[in-house]
J.: 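For reference, the structure I am asking about is given below.
Proteins get letters first, then strands, A, B, ... in listed order; numbering begins at 1 in each. What you see below is based on every heavy atom in this structure, not just the backbone, and it leaves out hydrogens, waters and symmetry mates.
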2 protein chains.
Amino acid sequence: MAAALPSIRVLLGTPIAMGPGKARLLEAIRQQGSISGAARAIGMSYRRAWMMVDGMNRNFRKPLVETAAGGRRGGGAMLTALGGEVLSRYRRLEDKAAACCRDEIEGFASLLGDDGIPQLPGDWMDED
Amino acid sequence: MAAALPSIRVLLGTPIAMGPGKARLLEAIRQQGSISGAARAIGMSYRRAWMMVDGMNRNFRKPLVETAAGGRRGGGAMLTALGGEVLSRYRRLEDKAAACCRDEIEGFASLLGDDGIPQLPGDWMDED
């Protein structure tokens, strides 16, 4: 396994209003057209995806995700205009932070071991 | 409760080699002089703190935390030179990312609701 090079991931807010896990879920909802399809596509439980969507919808001025009336599991969901705006702003912020800190990130890489980074359970998900 | 303003938090590596939770634990170890004291000071279980220290010690070229021989719970622990360096590099990187993205972070704040951000269980900890 190649060593995992450090990349920057940005979490916004304390507690987290937006981070890589939520951004990934929003993208999957846009692609899949439903919360259940999005959860499946990124290997997340439906319950967890639903709770994350519910949290985002409450935390922002208006909902980021609109679900079809009825709320069946396969009932369909799409990003609202605000959802699309939050997602693109978040991605721009990530890119800018990574670009402005490139030297520091490379310096950090030199301190890591060569064997790649073993993963702790759940380690990848910012919102866990 | 005042609205939680978005602040930037940086996670390094995929999976996470260093993030706010690990940095906080390293600082607490430096202050408290033991893993058990550090865990208590930041409200983390001893087991979780020990696992995080063990993970960091494996992920970097050399250990970040040195524990006293014997390994008793109260046995004492301190940051190594590398541990101190990783911690200060991480804090500098955080500060730089926040400074360079100040406008974007403020723009993001304008999209959040006014009621503060409800916390999901475990939401604050990057490594959960």
J.: How long is the span from the CZ atom in A:Arg92 to the SG atom in B:Cys101, to the nearest 0.5 Å?
T.: 11.5 Å
J.: Considering all heavy atoms of both residues, which atom of A:Leu112 and which atom of B:Arg61 are nearest to each other, and what is their separation?
T.: O-CG, 3.3 Å
J.: Go through B:Ala99, B:Ser110, B:Ala98 and name the one with the most non-hydrogen pairs under 4.5 angstrom from chain A.
T.: B:Ser110
J.: For residues A:Phe108 and B:Arg89, report the shortest heavy-atom separation together with the two atoms involved.
T.: N-NH1, 3.9 Å
J.: Checking A:Leu93 against B:Ile8 for the side-chain contact (heavy atoms from CB on, under 4.5 Å) test, could you report, in this order, the C-alpha distance in whole Å, the side-chain angles of both residues, the deciding distance, and whether it holds?
T.: CA-CA 10 Å; A:Leu93 196 155; B:Ile8 202 168; 3.9 Å; yes
J.: Count I, L, V, M, F, W, Y as connected when their side-chain heavy atoms are under 4.5 Å apart, and connections chain through other members. Are B:Met51 and B:Leu25 then in the same cluster?
T.: yes
J.: Tell me if a side-chain donor or acceptor on A:Arg58 pairs with a main-chain N or O of B:Gly113 at a distance below 3.5 Å.
T.: no
J.: Rounded to the nearest 0.5 Å, what separation is found between the CG atom of B:Leu11 and the OG atom of A:Ser7?
T.: 9.0 Å
J.: Determine the minimum heavy-atom distance between B:Ala97 and A:Cys100, stating which atoms define it.
T.: CA-SG, 4.3 Å
J.: Does CD belonging to A:Gln32 count more than 12 external heavy atoms closer than 6.0 Å?
T.: yes
J.: Any idea which heavy atoms bring A:Glu85 and B:Leu111 closest together, and the distance?
T.: OE2-CD2, 3.9 Å
J.: Decide if atom CD of B:Glu27 counts as having more than 12 heavy atoms of other residues, nucleotides or ligands within a radius under 6.0 Å.
T.: yes
